[in-house]
Structure formats: C-alpha cells, structure tokens
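The structure under discussion appears below in the form of structure tokens.
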Amino acid sequence: MAKVYIIGAGPGDPELITVKGQRLLKEADVIIYAGSLVNPAILECAKEGAEIYNSASMTLDEVLEKMTEAASKDFMTVRLHTGDPSVYGAIQEQMDALKKRDIDFEVIPGVSSCFATAAALKQEYTLPGISQTVIITRNAGRTPVPERESLKSLAAHGATMCIFLSITMLDDVVKELISGGYKQDAPIAIVQRASWPDQKIIRATLETICDEIKGKGIDRQAMIVVSPCLSADYDLSRLYAPEFSHMFRKSSK
Ligand code: SAH
C-alpha cells in the first residue's frame, strides 16, 4: 500500500527542503500542504495531475479523510509541514490517527526556522564558555504552556532561546525574560520570514526591542532569539585547537 510521507518543507526558501523530501514531492499523487506558512513555490516540482490541497482551510478530519482516500487507491500522499515537522507541527495527532487506520507513514525531517534564523543572523547558538544549550520554546497563547516551562523559568538558565509563535506578545515575552534574569541591555534579535526574499532582521536590546519593531509590520512568521551569544567574546572551539586530539585528528602539540 502506498505510504503517507510527512515532510519538513523548510523555512521558506524552496531550495531548503531536503533532497529526499523533494524527490518524494515530485513523486506524490496527493499533496496536502500547510498553506499558512509553506512557500507555494515549493509545489512547482509536483507531477502533472497531482491533487494539491491547502490544509489551512481544512480540519484534522478532512486531512485524514484525504489521506485515507488516497491510501485506498494506492496513491502516495505527501503531507508538507513548514520547517521541521516535529516542532509545533501538530503531527502527533495525524500520526496516531494514521496508525489507528493502519496507514503506513514515514517522517522526513526539514530545516527548522530556528536554524534558518541562525543562518540569517550569521550566528552560532552554542559558543564555548557562553552558552552550550538551545531552548526551543514559545509563550503561552491559545495553546497553553506548562507552568514549569514558563519563559520566566527558562530565562533563568541564561541559555540561547529560540522563541516561536510569540511575536504578537513581544511585550509580554520581554517582561518574562527580564523577570527571569536577563538584563535590560541583553541582546535580542528578531528575524521575520527567514530565508524568504523579504526576510527582515531586527537587532536590539530587551529594553529597546518593542520600540524598535514598531511600524515595521513584524506581526507574524517571526523568530525571537535571545542569547548571550549575540554579543559575546567567546573561547575558541576546542574542536579545531592545535593541541586537541580527537577521533579524526592527532594533536600537533
Ligand atoms: N515547524 C516549524 C514551526 C511552526 S510554528 C519550524 O520548524 O520552523 C510557526 C512559527 O515558526 C512562527 O510563528 C514563527 O515563530 C516560526 N517561523 C516559521 N517560519 C519562519 C521563518 N521563515 N522565519 C522566522 N520564523 C519562522
């Protein structure tokens, strides 16, 4: 029986889907894509006659119905999600329902927008001696966040934080980060539509960011990054240090 492939479409640039994801997309009989965020340009490689549906206007049941119908005809389905599907992709409920219906599926990872954001900023998130941890999180919105994962408590680590789905609550995000221990002059960056042609980058401090983004139309599809790495004098990586041996290189000292 033909499979359902749940594929990460990447952050926007159609070239940022994986080779495997694109190959499967070209072969798909049915494509269901998350139209609110997936760049439709990525669909240009679909084969002639492929059925294409935008899930933005569909319920979970409608999506499952399409997949079930396709499977019953032995049609291969690609379900395209933005970025990497494991991060705020709402795929667990789809996978569990597919399991119940005995429909075989596979997940193909993608480039998450938090990594496209790092690329846009030309920034490493894990600098030696500064931060070695990346926290992927969001502010509570219509989807609640467990209290133990509040931005305030996560901010206490002082690690790199990639904050998804929260740009419309920036005032609140900033307050939480400061009450959790970040200083007012801590650096923060916002990237809207990372990897799209109209990508925007704003850099500021926690104190100035809310004023800084006013009037710039940054109200969706934006990543908030707060990290000591954004302004750090860091230690050089041990990996390339001359006196450091590892599996693939003997130390020269
Ligand atoms: N699975 C996706 C995230 C989906 S949730 C991923 O891995 O990227 C949607 C949120 O992702 C948006 O609210 C925004 O915070 C972020 N996002 C998606 N695309 C983005 C992009 N191109 N640039 C910056 N942030 C983006």
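In listed order, ligands and their atoms are each counted from 1. Only heavy atoms go into these numbers, but all of them, side chains included; no hydrogens, no water, no symmetry mates.
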Could you tabulate the donor-acceptor pairs under 3.5 Å formed by side-chain atoms of residues 12-19, not counting sequence neighbours?
{"from": "Asp13", "atom 1": "OD1", "to": "Glu15", "atom 2": "N", "distance (Å)": "2.8"}
{"from": "Thr18", "atom 1": "OG1", "to": "Gly21", "atom 2": "N", "distance (Å)": "2.9"}

I'd like to check Leu165 versus Thr143 (side-chain heavy atoms, cut-off strictly below 4.5 Å). Are they in contact? no
Below 4.5 Å, heavy atoms only, C-beta onward: do Phe105 and Gln94 meet side chain to side chain? no
Can you list every protein residue that has a heavy atom under 4.0 Å from any atom of ligand 1, sorted by chain and residue number? Pro11, Leu37, Thr82, Gly83, Asp84, Val87, Tyr88, Ser112, Ser113, Phe164, Leu165, Val191, Arg193, Ala194, Trp196, Gln221, Ala222, Met223
Can [X] and [Y] be counted as an ion pair, charged N to O under 4.0 angstrom?
| X | Y | result |
| --- | --- | --- |
| Lys66 | Glu62 | no |
| Arg138 | Glu149 | no |
| Lys214 | Asp211 | yes |

